[in-house]
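Numbers restart at 1 for each chain; the letters A, B, ... are given by sequence-line order, proteins then strands. Keep in mind that this is a model prediction, so the values were computed, not measured.
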2 protein chains.
Amino acid sequence: MESSQEQNKLNSEMLEKLVNNQPPEEVLYEVAELFKVFGDSTRIRILYALFGNELCVGDIAEVLSMSQSSVSHQLRILKDAKLVKFRREGKSIFYALDDDHVYHIMEMGMEHVEE
Amino acid sequence: MESSQEQNKLNSEMLEKLVNNQPPEEVLYEVAELFKVFGDSTRIRILYALFGNELCVGDIAEVLSMSQSSVSHQLRILKDAKLVKFRREGKSIFYALDDDHVYHIMEMGMEHVEE
DNA sequence: TTATCATATGTTCATTCGTTCATATGAATA
DNA sequence: TATTCATATGAACGAATGAACATATGATAA
């Protein structure tokens, strides 16, 4: 892991304090998993298409010029991450953004990029 | 892309409007790239270690029980994404979170997960 | 200038991931 | 009930990615 002569800048007391202040491993992992879902341009495009709109799968595919299969696969990932919700209406299934967190996280991303 | 008999829920006027309302492809791509950086538990751990602390590479490695090489590689990715900044002090290089966006994005992630 | 310490970089390898194609499910309608 | 339409699922393939190991860079101190 480290060479034996490594000279750290922090003493062991502060190091230990930092180690203990880390959130539980599980939480960090889940946060990473969440952002991983946002980390694909196809899914970002889908999320933006749903920004303020409720759309069925076929329409998303048409708006984004994607195959139905691809959209459906990605919607499943978004669904599992609780980023979108859906309801059935006849043969169609309509998707929408799940809650305000999704809006806010995307807005944050836009802000950081547009600098 | 779609079967010839596909019956969309939206008329072509609304579809076109949606298509035109999408942010530029480049922006969506950059947003995805940004979140991709957050989408790895190793990098999330590093970012959390830097939450309010300025640390040098060796200390990050020690705090997180990671190899120096691995930390350095990930720091480069964080640096390229402008999520961390750094300054040299003697032989050491100290890293810190770059701006408030980073804090806010992570806080959003935590909030969404802790529900 | 040479040796040393802290950090960075290059390469390889195993794994993950997104897309595509084919097919299955399942609700609505004839 | 049989057919059709909308969506979901499974398998396969290629591309991207993170970790590990070895090595390079570059600043400092002897």
S.K.: Closest approach to the side chain of A:R88, judged atom by atom: which nucleotide of D:dT7, C:dA27, C:dT20 is it?
M.R.: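 Given the options D:dT7, C:dA27, C:dT20, the side chain of A:R88 is closest to C:dA27.
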S.K.: Do A:N20 side-chain atoms and A:E16 backbone N/O form a donor-acceptor pair below 3.5 Å?
M.R.: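 Between the backbone of A:E16 and the side chain of A:N20 there is a qualifying donor-acceptor contact (under 3.5 Å).
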S.K.: Has the side chain of A:Q68 got a donor or acceptor that lies under 3.5 Å from a partner of the other kind on the base of D:dA8?
M.R.: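 Counting by modelled atom types and ignoring angles, a donor-acceptor contact under 3.5 Å is found here.
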S.K.: For the side chain of B:S72, starting at C-beta, report the closest nucleotide among C:dT7, D:dA6, D:dA19.
M.R.: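 Taking heavy atoms from C-beta onward, the closest nucleotide is C:dT7.
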S.K.: Is there a donor on the side chain of A:S69 or the base of C:dC21 sitting less than 3.5 Å from an acceptor on the other?
M.R.: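 Yes.
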S.K.: For the backbone of B:A49 and the side chain of B:N53, can you confirm whether one donor and one acceptor N or O come within less than 3.5 Å of each other?
M.R.: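 Present.
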S.K.: Would you say B:K82 has more than 12 foreign heavy atoms packed within less than 6.0 Å of its NZ?
M.R.: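 Not buried by this count: 12 neighbours or fewer within 6.0 Å.
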S.K.: Calculate the interatomic distance between A:L75 atom CG and D:dA8 atom P; express it in whole Å.
M.R.: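 Atom-to-atom, A:L75 to D:dA8, this comes out as 7 Å.
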S.K.: What is the distance, to the nearest angstrom, from the CD atom on A:E62 to the P atom on D:dC5?
M.R.: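 After rounding, the reported distance stands at 16 Å.
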S.K.: By a strict heavy-atom criterion of less than 4.0 Å, which residues belonging to residues 30-41 of chain A are in contact with DNA chain C?
M.R.: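 Here the set is A:K36, A:D40.
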S.K.: On the nucleotide C:dA8, are OP1 or OP2 found under 4.0 Å from the side-chain N or O atoms that B:Y95 carries?
M.R.: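 Looking at the OP1 and OP2 atoms of C:dA8, one of them is under 4.0 Å from a side-chain N or O of B:Y95.
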S.K.: Would A:K85 pass as a cation-pi partner of A:Y95, given that its NZ or CZ must be under 6.0 Å from the six-membered ring centre and within 45 degrees of the axis?
M.R.: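 No, A:K85 does not sit over the ring of A:Y95.
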S.K.: Any side-chain N or O of A:S70 below 4.0 angstrom from OP1/OP2 of C:dG18?
M.R.: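 So the side chain of A:S70 is outside the cut-off, no N or O lying under 4.0 Å from OP1 or OP2 of C:dG18.
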S.K.: Strictly distance-based, threshold 3.5 Å: is any side-chain N or O of B:R45 a donor or acceptor partner for the main-chain N or O of B:L64?
M.R.: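 Yes: the side chain of B:R45 pairs with the backbone of B:L64.
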S.K.: Round to a whole Å and report the spacing from CZ of A:F86 to C1' of D:dA8.
M.R.: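 A:F86 atom CZ is separated from D:dA8 atom C1' by 11 Å.
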S.K.: D:dG18 P sits how many Å from B:I44 CD1, rounded?
M.R.: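 Nearest whole value for this atom pair: 12 Å.
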S.K.: Check the angle between the aromatic planes of A:F38 and B:F35 and answer parallel, tilted or perpendicular using the 30° and 60° thresholds.
M.R.: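 Taking B:F35 first and then A:F38, their aromatic rings sit tilted (interplane angle of 30° to 60°).
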S.K.: Take atom NZ of B:K79 as the centre, draw a 6.0 Å sphere, and report whether it contains more than 12 heavy atoms from other residues, nucleotides or ligands.
M.R.: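 Result for NZ/B:K79: enclosed.
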S.K.: What is the separation between atom CG on B:D59 and atom P on C:dA6, rounded to the nearest whole Å?
M.R.: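 Distance check: B:D59 CG to C:dA6 P gives 10 Å.
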S.K.: Rounded off to whole Å, could you give me the OH-to-P distance for the B:Y29 and C:dG18 pair?
M.R.: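 Interatomic distance, OH of B:Y29 to P of C:dG18: 13 Å.
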S.K.: Round to a whole Å and report the spacing from CD of A:E89 to C1' of D:dT7.
M.R.: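 About 15 Å, once rounded to whole Å.
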S.K.: Ring centres within less than 5.5 Å and planes less than 30° apart: is that true of A:H73 and D:dT9 in this structure?
M.R.: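 Per 5.5 Å and 30° rule: yes, stacked.
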S.K.: Checking side chain to side chain contact (heavy atoms under 4.5 Å, CB included) for the pair B:L83/B:L34: CA distance, chi angles, key distance, verdict?
M.R.: CA-CA 9 Å; B:L83 301 187; B:L34 173 66; 3.7 Å; yes
S.K.: Whether the side chain of B:R88 engages the backbone of B:F94 through a donor-acceptor N/O pair (distance < 3.5 Å, no angle test) should be reported.
M.R.: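 Not confirmed, B:R88 side chain does not pair with B:F94 backbone.
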S.K.: Considering just the side-chain nitrogens and oxygens of B:Q74, establish if one lies under 4.0 Å of OP1 or OP2 belonging to D:dT17.
M.R.: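 For B:Q74, the contact criterion (side-chain N or O under 4.0 Å from OP1 or OP2 of D:dT17) is not met.
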S.K.: Grab the NZ-C1' distance between A:K91 and C:dA30 for me, whole Å please.
M.R.: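 Those two atoms, NZ and C1', are 11 Å apart.
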S.K.: Classify the angle between the aromatic ring planes of B:F51 and B:Y48 as parallel (below 30°), tilted (30 to 60°) or perpendicular (above 60°).
M.R.: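 Parallel: the ring planes of B:F51 and B:Y48 meet at under 30°.
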S.K.: Of the residues in residues 76-85 of chain B, which ones touch DNA chain C at a heavy-atom distance under 4.0 Å?
M.R.: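 Output list: B:R76, B:K79.
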